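This report refers to the structure that appears directly beneath it.
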Amino acid sequence: MERLAEIFASWLYQSRRELKLLWLRHGALTTNRLSILVICIFGIMPLTFYFLISGNSYSLAQIIASYIFVSLLFSLSLLLVITWFKSEELFKNNVQGFSFLPLSPSRVDTVFFGFDSNDVENLLRLVNGLPTEQKIVIRETPKNKQSGNIRFLFTFLDLIVRGGIFRMDTKPKEALNMLISERFTFQNTEINPSTLPSSYSKWCSATHEGNYDDVRKDISKALGIS
């Protein structure tokens with residue numbers, strides 16, 4: 001039984017992962033449109049094909065009843081799937097307990113951030129709660145001609161994390177440090193976790209004094225969320 005449970009758990013994980021990847025790649029589709037598309041492709045079309053090739057004779061009432069039954073069955077299944085994902089969002093199941101604002105890849109200014117295609121892909125995976133294939137690289141940007149700057153990264157995260165990261169308590173700060181260490185890196189050097197607490201305190205003080213207001217505006221604009 002335990003082995004069978006592991007097999008089903010693995011199948012459920014892969015199914016949920018593929019569904020979320022599909023959602024990420026086709027973000028322009030609303031939940032309702034995607035649901036209708038799934039019902040048509042996996043419900044209506046196969047049933048129609050069956051009626052066309054079947055040698056049996058069916059009455060109009062039987063055909064209509066079959067379409068209604070299949071539509072209701074798929075609608076109920078999709079409702080359960082959507083409910084599952086919505087409940088996951090409510091529990092903030094994203095990385096280290098953080099949830100993120102949705103980002104559109106077409107609106108992210110890759111030149112400003114110095115992002116390549118892998119960075120953009122991993123950023124989208126991050127904000128959608130998916131595992132990244134590699135760390136997001138904070139490079140030297142044409143905007144300020146500076147190599148990776150941890151305070152720049154703090155401001156970046158403050159804008160994409162729901163509720164921001166400004167002056168957090170001890171536990172959320174520990175989660176933030178882990179998030180940064182696991183998901184981000186500088187172009188030429190790894191981020192030193194031991195320097196994060198002091199850098200965070202300095203960033204909070206400078207942010208409170210308004211020293212990063214212009215940077216916030218630039219980053220917000222480059223993310224397409226201004």
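These figures come from a predicted structure and were not determined experimentally.
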With side chain to side chain contact (heavy atoms under 4.5 Å, CB included) as the test, would you mind laying out the steps for K221 and D109 before giving the verdict? CA-CA 8 Å; K221 182 179 179 181; D109 187 345; over 6 Å; no
Just verifying a value: how many Å separate S201 OG and R167 CZ, rounded to the nearest 0.5 Å? 9.5 Å
T185 and I136: CA distance, side-chain angles, deciding distance, side chain to side chain contact (heavy atoms under 4.5 Å, CB included) verdict: CA-CA 6 Å; T185 184; I136 301 167; over 6 Å; no
Should S181 and L196 count as side-chain neighbours, where that means a heavy-atom distance under 4.5 Å? yes
Can a donor-acceptor pair be found, under 3.5 Å and without considering hydrogens, that links the side chain of Y200 to the backbone of M168? yes
Value for CD (E182) from CG (L179), rounded to nearest 0.5 Å, stands at 7.5 Å
Are the side chains of Y212 and F152 in touch, meaning some heavy atoms are under 4.5 Å apart? no
Could you tell me whether the side chain of D169 and the main chain of K171 form a donor-acceptor pair under 3.5 Å? no
Answer whether the closest heavy-atom distance between the side chains of L153 and W203 falls below 4.5 Å. no
List in chain and number order the residues that pass salt bridge (Lys or Arg N to Asp or Glu O under 4.0 Å) with D116, two or more places apart in sequence or in another chain; answer none if no residue qualifies. R139
Among D119, I138, L223, find the residue that satisfies the side-chain contact (heavy atoms from CB on, under 4.5 Å) test when tested with F113. L223
Which distance, rounded to the nearest 0.5 Å, do you find between the CG of L159 and the CG of L103? 10.0 Å
Calculate, to the nearest 0.5 Å, the distance between atoms CZ and CZ belonging to F154 and F166 respectively. 12.5 Å
Evaluate the side-chain proximity of L176 to F98: yes if any heavy-atom separation is below 4.5 Å, no if none is. yes
Who are the side chain to side chain contact (heavy atoms under 4.5 Å, CB included) partners of I64, not counting sequence neighbours? L60, I68
Out of curiosity, I191 CD1 to F186 CZ, how far, rounded to the nearest 0.5 Å? 4.5 Å
If only atom types and distance count, is the side chain of D158 paired as donor or acceptor with the main-chain N or O of G164 below 3.5 Å? no
Within a strict 4.5 Å, meaning less than it, do heavy atoms of the K135 and N122 side chains meet? no
Closest approach of L124 to V127 (non-hydrogen atoms, all atoms of both residues): O-CG2, 3.3 Å
Looking only at atom types and distance, does a side-chain atom of N192 sit under 3.5 Å from a main-chain N or O of S194, one as donor and one as acceptor? yes
Separation of Y67 OH from L72 CG (nearest 0.5 Å): 14.5 Å
Hey, does the side chain of S220 reach the backbone of R216 with a donor-acceptor pair shorter than 3.5 angstrom? no
Whether N211 side chain and T207 backbone form a donor-acceptor pair below 3.5 Å: no
Partner of F184 by side-chain contact (heavy atoms from CB on, under 4.5 Å), out of I150, V137, L157: L157
